[in-house]
Amino acid sequence: MSMNFFKNLKSLKLTNDHTQDVRGSRPDSDSLPPEWAPAPEASYTHGHYNEATDQEFQDGISFCLEHPLYPASLVPSRFVDRIKLEGAKVWGFEIPQDRFRFSGGVNNIPPDSKGQNLVHVTTEKHCKDYCLLSNLPIVAGLYDTSGREGVYYEVIIHEMNPPRTFLAIGTSCRPYPTFRLPGWNRQSTGWHLDDLRKFFEDSDGGRDFTDDGGKLSLPWNPKNRSEQYIPLGSTIGCGYIFQTGSIFFTFNGLRLPNAFDGAHLPRRERDVFAAIGVSGKTRFDVNFGGEPFRWMPGNTWQWRVERLVESLHAIDVSSTSGGGDDLPAYSR
């Protein structure tokens with residue numbers, strides 16, 4: 001069978017029975033208010049610079065069909081105790097085990113570290129598309145968020161060479177196919193820094209990331225003045241707003257328009273993790289709050305990730321059905 005057959009499945013991947021298999025069952029539509037509309041920008045069929053193979057597209061769908069989403073769960077007590085002592089420095093990334101795809105190193109902050117406040121990551125030129133996931137959730141469904149606005153982290157970029165080598169920054173629920181960049185499969189978002197397009201459960205070419213249809217406040221590429229780009233040394237932030245399920249990004253401390261609204265809802269059903277996609281030779285640091293953020297509001301207690309485990313919801317923690325005032329989930 002031709003692999004092009006699987007490309008044709010893209011328009012169907014979140015419809016009919018496939019929706020239940022990949023994303024999980026949904027409540028009766030009569031019990032919910034109208035769902036959120038898709039992001040307003042036009043969707044592309046193909047990536048501007050880079051495309052995953054048809055086989056990887058097929059494998060991504062198969063992975064999601066075979067591995068249901070994990071329900072929200074309690075953070076292990078050993079991490080809760082460390083968070084109380086060390087705060088945001090406890091967050092890092094799972095060490096990749098797939099050495100065929102991932103080539104590089106992840107240097108998380110050691111316990112009780114006095115000198116290291118950031119997570120250091122390097123990848124080599126032979127590194128294939130790979131999605132790094134944080135070791136702890138940045139949004140934990142079973143925990144109360146009263147009085148908090150959201151959660152936020154930043155990535156400081158030291159080395160990449162788009163479109164040949166680049167990062168993709170966003171969020172994801174588990175389990176996620178780590179051979180797929182963030183935003184390509186279920187319950188995952190990503191801003192891809194090769195073509196600056198945004199993705200949410202979008203295995204096609206993504207959407208332009210715009211400011212109400214206009215250009216974002218980003219610099220123009222001196223090598224190609226018709227395109228904007230992310231210079232080396234830039235800091236890209238990723239934030240999530242609890243009340244609306246909005247995903248937003250920042251550039252060197254400047255907040256950009258919301259990329260998506262209604263993501264990862266109902267929030268109490270699942271945990272959400274930081275997700276950073278890598279492709280080729282890169283070098284970057286990740287700040288979960290061990291050092292001051294460039295986006296100043298992120299330094300206030302309403303956005304601090306370490307407040308995640310302060311109190312549980314007043315619900316049966318064996319249930320992940322959610323409820324309350326959560327808004328309906330994002331709909332493509």
*Asks:* Can you tell me how the ring of F179 sits relative to the ring of F63, calling it parallel under 30°, perpendicular over 60° and tilted otherwise?
*Replies:*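 If you compare the ring of F179 with that of F63, the planes turn out perpendicular.
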*Asks:* Hey, quick one: are L142 and L265 part of the same hydrophobic cluster, counting side-chain heavy atoms closer than 4.5 Å, chains of contacts allowed?
*Replies:*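 The answer is yes; both residues are in one hydrophobic cluster.
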*Asks:* Counting only heavy atoms from other residues, nucleotides and ligands, does the tally under 6.0 Å from CZ of R225 exceed 12?
*Replies:*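 Atom CZ in R225 is not crowded, with 12 or fewer foreign heavy atoms closer than 6.0 Å.
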*Asks:* Looking at CG of N108 and NZ of K89, how far apart are the two atoms once the value is rounded to the nearest 0.5 Å?
*Replies:*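 Answer rounded to 0.5 Å: 13.0 Å.
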*Asks:* Mind checking whether L196 and I230 have side chains closer than 4.5 Å, heavy atoms only?
*Replies:*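 Result yes, sub-4.5 Å side-chain heavy-atom pair found.
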*Asks:* How close do D271 and C173 get, counting heavy atoms only, and between which atoms?
*Replies:*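 That closest heavy-atom pairing would be O-SG, 3.4 Å.
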*Asks:* Would I109 and E86 satisfy side-chain contact (heavy atoms from CB on, under 4.5 Å), going step by step from the backbone distance to the final call?
*Replies:* CA-CA 10 Å; I109 303 172; E86 302 174 48; 5.8 Å; no
*Asks:* Keeping E124 on the side-chain end and G104 on the backbone end, is there a donor-acceptor pair under 3.5 Å?
*Replies:*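 Not a single qualifying donor-acceptor pair exists.
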*Asks:* Quick check: does any side chain N or O of R186 sit under 3.5 Å from a backbone N or O of C64, one acting as donor and the other as acceptor?
*Replies:*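 Yes.
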*Asks:* Please work out which of the three classes, parallel, tilted or perpendicular, describes the rings of W295 and Y152, given edges at 30° and 60°.
*Replies:*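 Y152 and W295: tilted rings.
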*Asks:* Tell me which one of N185, D129, D59 satisfies side-chain hydrogen bond (donor to acceptor under 3.5 Å, both in side chains) with R180.
*Replies:*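 Looking at N185, D129, D59, the match for R180 under the side-chain hydrogen bond (donor to acceptor under 3.5 Å, both in side chains) is N185.
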*Asks:* Does D212 reach the side chain of P257, with side-chain heavy atoms less than 4.5 Å apart?
*Replies:*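 Side chain of D212 against side chain of P257, heavy atoms only: no contact under 4.5 Å found.
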*Asks:* Atom CD of E269 and atom CZ of R267: how far apart are they, to the nearest 0.5 Å?
*Replies:*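 Atom-to-atom, E269:CD and R267:CZ are 11.5 Å apart.
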*Asks:* Can any side-chain N or O of E291 pair as donor or acceptor with the backbone N or O of F293 at less than 3.5 Å?
*Replies:*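 Not confirmed, E291 side chain does not pair with F293 backbone.
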*Asks:* Side chains of L136 and S134, heavy atoms from C-beta outward: is any pair under 4.5 Å?
*Replies:*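 No; the side chains remain at least 4.5 Å from each other.
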*Asks:* Using atom types as modelled and distance alone, determine if a side-chain donor or acceptor of N258 lies under 3.5 Å from a backbone N or O of F260.
*Replies:*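 No; zero donor-acceptor contacts below 3.5 Å.
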*Asks:* Suppose we call two aromatic rings close when their centres sit under 6.0 Å apart. Are Y240 and Y153 close by that rule?
*Replies:*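 They do not qualify: ring centres at least 6.0 Å apart.
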*Asks:* List the steps and the verdict of salt bridge (Lys or Arg N to Asp or Glu O under 4.0 Å) for E310 and R148.
*Replies:* CA-CA 11 Å; E310 287 186 347; R148 298 177 61 207; over 6 Å; no
*Asks:* Mind checking whether W191 and F249 have ring centres under 6.0 Å apart?
*Replies:*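 Yes, they do, as the ring centres are separated by less than 6.0 Å.
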*Asks:* Tell me the closest heavy-atom pair linking S73 and Y143, and the distance in Å.
*Replies:*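 For S73 versus Y143, the nearest heavy atoms are O-CE1, 4.1 Å.
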*Asks:* For the atom pair OH (Y130) and CG (L133), what is the distance rounded to the nearest 0.5 Å?
*Replies:*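 If I round to the nearest 0.5 Å, the distance is 7.5 Å.
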*Asks:* Flag the pair H264 / V139 as yes when at least one side-chain heavy-atom distance between them is below 4.5 Å, and no otherwise.
*Replies:*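 Answer no - side chains too far apart.
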*Asks:* If I take atom OG1 from residue T122 and atom CG from residue N107, how far apart are they, to the nearest 0.5 angstrom?
*Replies:*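 The CG atom of N107 is 9.0 Å from OG1 of T122, to the nearest 0.5 Å.
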*Asks:* With a distance cut-off below 6.0 Å to the six-membered ring centre and an angular limit of 45° from the axis, does R255 pair with F248 as a cation-pi contact?
*Replies:*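 Geometry flag: set, cation within 6.0 Å and 45°.
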*Asks:* Assigning hydrophobic clusters by single linkage (Ile, Leu, Val, Met, Phe, Trp, Tyr; side-chain heavy-atom cutoff under 4.5 Å), is F273 placed with I83?
*Replies:*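 F273 does not cluster with I83.
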*Asks:* Hey, any chance F209 and L167 share a hydrophobic cluster, counting ILVMFWY side chains that come within less than 4.5 Å of each other, even indirectly?
*Replies:*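 Yes.
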*Asks:* Could you check L312 against L74 for side-chain contact (heavy atoms from CB on, under 4.5 Å), going step by step and ending with a plain yes or no?
*Replies:* CA-CA 9 Å; L312 288 169; L74 296 173; 3.4 Å; yes
*Asks:* State, with a plain yes or no, whether a side-chain heavy atom of V272 is found less than 4.5 Å away from one of P137.
*Replies:*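 In short, these two side chains do not touch, never coming nearer than 4.5 Å.
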*Asks:* If you define the side chain from C-beta out and look only at heavy atoms, does anything of R101 sit under 4.5 Å from T178?
*Replies:*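 In short, these two side chains do not touch, never coming nearer than 4.5 Å.
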*Asks:* Are Q55 and T53 linked by a side-chain donor-acceptor pair shorter than 3.5 Å?
*Replies:*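 Per modelled atom types, Q55 and T53 side chains form no pair under 3.5 Å.
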*Asks:* Around atom NZ of K128, are there more than 12 heavy atoms from other residues, nucleotides or ligands closer than 6.0 Å?
*Replies:*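 Open.
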*Asks:* Look at the side chain of T123 and the backbone N and O of G280, then say whether any donor-acceptor pair between them is shorter than 3.5 Å.
*Replies:*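 Yes; judged by distance alone, with no hydrogens or angles, the pair exists.
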*Asks:* Which atom pair, heavy atoms only, marks the closest approach of E94 to R174?
*Replies:*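 Shortest heavy-atom contact: CG-NH2, 3.2 Å.
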*Asks:* Between E154 and R294, is there a donor-acceptor pair closer than 3.5 Å when you use the side chain of the first and the backbone of the second?
*Replies:*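 The answer is yes, because a donor-acceptor pair under 3.5 Å joins these two groups.
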*Asks:* Of all heavy-atom pairs between R164 and N161, which one has the smallest distance, and what is that distance?
*Replies:*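 Smallest interatomic distance, heavy atoms only, reads NH2-ND2, 2.5 Å.
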*Asks:* Does I276 form a side-chain contact (heavy atoms from CB on, under 4.5 Å) with F284? I'd like the steps, not just the answer.
*Replies:* CA-CA 11 Å; I276 299 181; F284 58 95; 3.9 Å; yes
*Asks:* Considering all heavy atoms of both residues, which atom of K198 and which atom of D208 are nearest to each other, and what is their separation?
*Replies:*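 Distance-wise, the nearest heavy atoms are CE-O, 3.7 Å.
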*Asks:* Quick check: does any side chain N or O of D54 sit under 3.5 Å from a backbone N or O of F57, one acting as donor and the other as acceptor?
*Replies:*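 Here the side-chain-to-backbone pair does not exist.
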*Asks:* S188 and T171: which non-hydrogen atoms are nearest, and at how many Å?
*Replies:*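 Looks like OG-O, 3.0 Å.
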*Asks:* Any side-chain heavy atom of I138 sitting closer than 4.5 Å to one from F288?
*Replies:*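 In contact.
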*Asks:* Apply the test side-chain contact (heavy atoms from CB on, under 4.5 Å) to residues R78 and V80: give CA-CA distance (whole Å), side-chain angles for both, the deciding distance (0.1 Å), then the verdict.
*Replies:* CA-CA 6 Å; R78 68 182 186 279; V80 174; over 6 Å; no
*Asks:* Closer than 3.5 angstrom, by distance alone: can the side chain of S203 be matched with the main-chain N or O of W184 as a donor-acceptor pair?
*Replies:*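 Yes, S203 side chain to W184 backbone: donor-acceptor pair under 3.5 Å.
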*Asks:* Measure the spacing between OG of S279 and NE2 of H192 and express it to the nearest 0.5 Å.
*Replies:*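 Atom-to-atom, S279:OG and H192:NE2 are 10.5 Å apart.
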*Asks:* Measure the CD-OG1 distance between Q243 and T145 for me, rounded to the nearest 0.5 Å.
*Replies:*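 Reported to 0.5 Å precision, the distance equals 8.0 Å.
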*Asks:* Same cluster or not: I247 versus L216, using hydrophobic residues (I, L, V, M, F, W, Y) connected whenever any side-chain heavy atoms lie under 4.5 Å apart?
*Replies:*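 Both belong to a single hydrophobic cluster.
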*Asks:* Determine, using the 4.5 Å side-chain heavy-atom cutoff (strictly less than), whether Y229 and I156 are members of one ILVMFWY cluster.
*Replies:*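 Hydrophobic grouping puts Y229 apart from I156.
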*Asks:* Can you find a heavy atom in the side chain of V286 that is under 4.5 Å from one in the side chain of W91?
*Replies:*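 Contact flag for V286/W91 side chains = no.
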